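If you're wondering where the values come from, they're calculated on a predicted model, not measured in any experiment. We use all heavy atoms of the structure for the numbers below, so side chains are in, but hydrogens, waters and symmetry mates are not. Each chain gets a letter, A, B and so on, in the order its sequence line appears, and its residues count up from 1.
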Amino acid sequence: MVRVLCVAEKPSISKAITGILSGGQFTTRNTGSNFIKNYDFDYPRTNARFTVTCVAGHLTERRFDDAHNKWHSCDPFALFEAPIVTTIPNDKKAIETNLRSEARNAQTLMIWTDCDREGEHIGMEIVQVCRRSNPQIVVKRARFSAIIAAQIHNAAQNPVELDRAQADAVEARTILDLRLGAAFSRLQTFNLQARFPQQIQELVSYGPCQFPTLGFVVARYEQVQAFVPEPFWYIYMSLTRPLSSDEGDEVVEFTWKRGNIFEHGVAFVIYEGVMRDPLARVTKVTRKETKKWCPLPLTTVELQKSGNRLLRLAPKKILDIAEKLYQEGFLSYPRTETDQFDPQFDFQSLIAKQTADPAWGAFATRLQGDGFQAPRKGKNNDNAHPPIHPTAYAGQLVGDEKRVYEFITRRFLACCSKDAEGWMTIIDVVAGGEDLNSQCFVSLGLVVLERNYLEVYTYDKWTGKTVPEFEEGDEFMPTVCELKEGRTTSPSLLTEADLVGLMDKNGIGTDATIAQHIQTIIDRKYVMARNEGATKYLVPSTLGIGLVEGYNKIGFERSLSKPQLRRETERMMVQVCQGQRTKGEMLAESIEKYQDVYVRARGQFNQIYEVCSS
DNA sequence: GCAAGGTC
C-alpha cells in the first residue's frame, strides 16, 4: 500500500479532512507541537495508507544577513539590495521535525493548504522541508474549495500540481515588504530621533500597509479641519388635521423634491411663486409592497465593521474573540472572504443547535419549519472557508465573548430567514398653481407587515410611519409652508469601522491583517482614539500628520501614504500568478521604483520636521 | 528596535 502524507495549513483542516476521508476510523498520534496531531487511517478508494498532519501558517521567515541585520550596520539604502536569508523560526522547529520524520515514511506528499496564493507558498515551504529528509517523495496538491465530503474525496482522488507562479508572487511580495519596511523604518527613525531627541525615542516604523492606513486617517482629519459650513434653503410644507378615529391631530410633513438650494435669492423667488397660490393638490397616490432585505452571510471584514459599529469593540478585539471561540469549537473559521454558503451546506443541523436558547431559540425553532429561506448569495468567495457561523451552542459565555457570539448567531439565523415585508404609500403633491410656479412635494408612509428576520436581528431598525390618508385629486391648504434655512454639516472623523471599510475597498491588508494594521498605527502613536459619546473616532498625532504631509509632497502617485503603491504591488502579484511577469522582474522593477521614492522621501524630512515642531 | 502574510 502506498503511504501518503497529507499536510494541511492549520489544525482545524487536518482534523476535518481526516474525519471525512477516514469515515471516523482513525488513530491519533501526538507530535512535538502542542496543537498539532498526526492522524493515521486506510483510504481504500486509492488503496493507500494516509497520515494527515498540518503546519500553522508559514514555516519560514526572512531576515537580512548578519552584515545588515543590526540597525547601525549600514546605510538604510543598502537594504534594497542586501542579502536576505531564509530561516525556520524557533517556534516552528517542532513542526519541521514532525514533517521530516513523517516524510521519511511516505512515498507521496499531498499538500492540503488553503487554495489561495498564500496556500501555494506554504505548500512550497512544506515541500522543501519534506524533500530534505526524503528527496524522492512524489508531490501532489489536493484542490478543494469547501470542507464538504464530496469535494474532499474528489480532491484526494484527483490531485493536481502545486502552482509555482502563485508561490513566486508571494515570495516576491515577502522580500519587497521586508526591504521597504526595513529601509524606510530605519530612515524615519534615525532622522526623527536625531531631530527630536526629547520627544521621539521609540521606533518610527514604515510599512506598505500601515502607511496607507494612516493616510486615510489623516486625509479625513484634514477634510474635517478644512470644512466650512454652507447655508442652504428649502421649502417646508406640512398639514395638521384632526385624526378620523380618536382625539388629537396628525401632522403630515411633505418634502420638497428640489431638495436644498444654495442661493437664497433663487430659493426666495421660488417660494414667493408657491405662496401666490399655496393650495396643494394630490396628483398621485402610490401604494406598493416593499421589503427590507435580510443581511448577507458574514465575512471577516463585515464582522469587524458591524461589530465595531454595533458592539463598539475594536476590530482587533473582535477578531481575537472570534479566534478564541473558534478554538473552543463554537464558531467556524473566523478569517473568510466568503459571503455565500455552498448549496450543499447543512443549515438545519446548525439551526437545531440554537433552539434551546432563551432569547433566540423560539425563532430558531420557526426556521425548522416554513420560516426558513436559503441565504442570499454575496459576490465573494475565497474558495477556502464558508461564511462565519456558529458551529455549536454556547450558553455559558459572558461579557464581550457573549456579545460577539450572540451577534454572529443572530446574523446567521437572520440570513436563513425571510426578508421583512411592508407596505409603502407615496403621496405626490403639487402646490403653487398649475403654471411655472408649481412645485412638487412628497410624503411617505410605511406599514411593517411581517418583521421576519428583524425579530432575531435586533440590530436593524425598520419602523413604520403613519400612512397619510389621501386620494388623488384631494386638495388642502397647507398649515405650514415656509422657507427654511439649513447648514451643511462637517464630515465625521473616521471610526474604526469606516477605516476597515476603506482598507478593504482599497486592497490594503487582508481579512486577517486589517485589524492589526489599525492597531499598529495606534501603537506607534501615529493615531489616537478620541471618544465622543459612545463612538470612538481616530485622530492623527502631529507625528502622523507630519509624515503623511511630508510624503504627500512627493506627488500623489508615489506618495507612501496613498493606496496607489500597494495597489501596484498587488497588480504585479496577479501578473506573476498569470505568468505575464516573473518574480525577478517584479522585484527588480519594484525595487528600482522604491529606491527613487526613497531618495525623494529623504528630501522631504525638513518639511516633516516643520509640521512636527508646530 | 524594521514588513506583511499565514497561524497558535
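Neither side chain, A:Thr300 nor A:Glu337, offers a donor N or O lying under 3.5 Å from an acceptor on the other.
Counting non-hydrogen atoms under 4.0 angstrom, A:Ser33 reaches nothing in the nucleic acid. Contact annotation for A:Gly57: base contact, defined as any heavy-atom pair under 4.0 Å involving a base atom. Counting any heavy atom pair closer than 4.0 Å across all strands shown, A:Gln188 reaches no nucleic acid atom. In this structure, A:Tyr333 reaches the sugar-phosphate backbone alone: every heavy-atom distance under 4.0 Å involves primed, P, OP1 or OP2 atoms, never a base. Residue contacts for A:Gly509: at a heavy-atom cut-off of 4.0 Å it reaches the sugar-phosphate backbone alone, with no base atom in range. A:Thr113 comes within contact range of no nucleotide atom at all, as no heavy-atom separation falls under 4.0 Å. A:Leu178 comes within 4.0 angstrom of a nucleotide base, judged by non-hydrogen atoms across all strands. Using a 4.0 Å heavy-atom criterion, one finds that A:Glu125 contacts no nucleic acid atom at all. Residue contacts for A:Asn34: at a heavy-atom cut-off of 4.0 Å it reaches no nucleic acid atom on any strand shown. Note on A:His517: only backbone sugar-phosphate atoms sit closer than 4.0 angstrom, heavy atoms only; bases stay farther off.
Between A:Phe26 and A:Phe41, the distance separating the two ring centers is not shorter than 6.0 angstrom.
Among residues two or more places apart in sequence or in another chain, the side-chain contact (heavy atoms from CB on, under 4.5 Å) test is passed with A:Asp596 by A:Arg558, A:Arg600. In this structure, A:Phe196 has no ring pair (Phe, Tyr, Trp, His ring centres under 6.0 Å) partners at least two apart in sequence or on a different chain. Residues satisfying the side chain to side chain donor-acceptor pair (under 3.5 Å) test with A:Gln199, not counting sequence neighbours, are none. With sequence neighbours excluded, the residues satisfying side-chain contact (heavy atoms from CB on, under 4.5 Å) with A:Ala515 are A:Gln304, A:Pro315, A:Lys316. Residues passing the side chain to side chain donor-acceptor pair (under 3.5 Å) test with A:Glu589 are A:Arg581, sequence neighbours excluded.
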Side-chain donor-acceptor pairs under 3.5 Å in residues 75-83 of chain A, sequence neighbours left out?
unit_1  : atom_1 : unit_2  : atom_2 : d
A:Asp75 : OD1    : A:Phe77 : N      : 2.9

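Note that the OH atom of A:Tyr598 and the CG atom of A:Leu187 stand 4.0 Å from one another [nearest 0.5 Å].
Residue whose closest nucleotide on DNA chain B sits further toward the 5' end, between A:Gln201 and A:Arg566: A:Gln201. For A:Tyr326 and A:Leu203, each mapped to the nucleotide of DNA chain B holding its nearest heavy atom, the one lying further toward the 5' end belongs to A:Leu203.
Among pairs with a residue in residues 110-127 of chain A, those fulfilling salt bridge (charged side-chain N to carboxylate O under 4.0 Å, His left out) read A:Lys10-A:Asp114, A:Arg117-A:Glu570, A:Glu118-A:Arg173, A:Glu120-A:Arg141, A:Glu120-A:Arg143, at least two apart in sequence or across chains. Sequence neighbours left out, the pairs with a member in residues 193-205 of chain A that pass salt bridge (charged side-chain N to carboxylate O under 4.0 Å, His left out) are A:Glu202-A:Lys525. The salt bridge (charged side-chain N to carboxylate O under 4.0 Å, His left out) pairs that include a residue from residues 64-74 of chain A are A:Arg63-A:Asp66, where partners are two or more places apart or lie in different chains.
Against DNA chain B, the stretch residues 88-99 of chain A makes heavy-atom approaches under 4.0 Å through A:Lys92. In the region residues 59-77 of chain A, proximity to DNA chain B at under 4.0 angstrom, judged on heavy atoms, holds for A:Arg62, A:Phe64, A:Asn69, A:Trp71, A:His72.
Note that the first and last nucleotides of DNA chain B, 5' to 3', having any atom under 4.0 angstrom from a heavy atom of chain A are B:dG1 to B:dC8.
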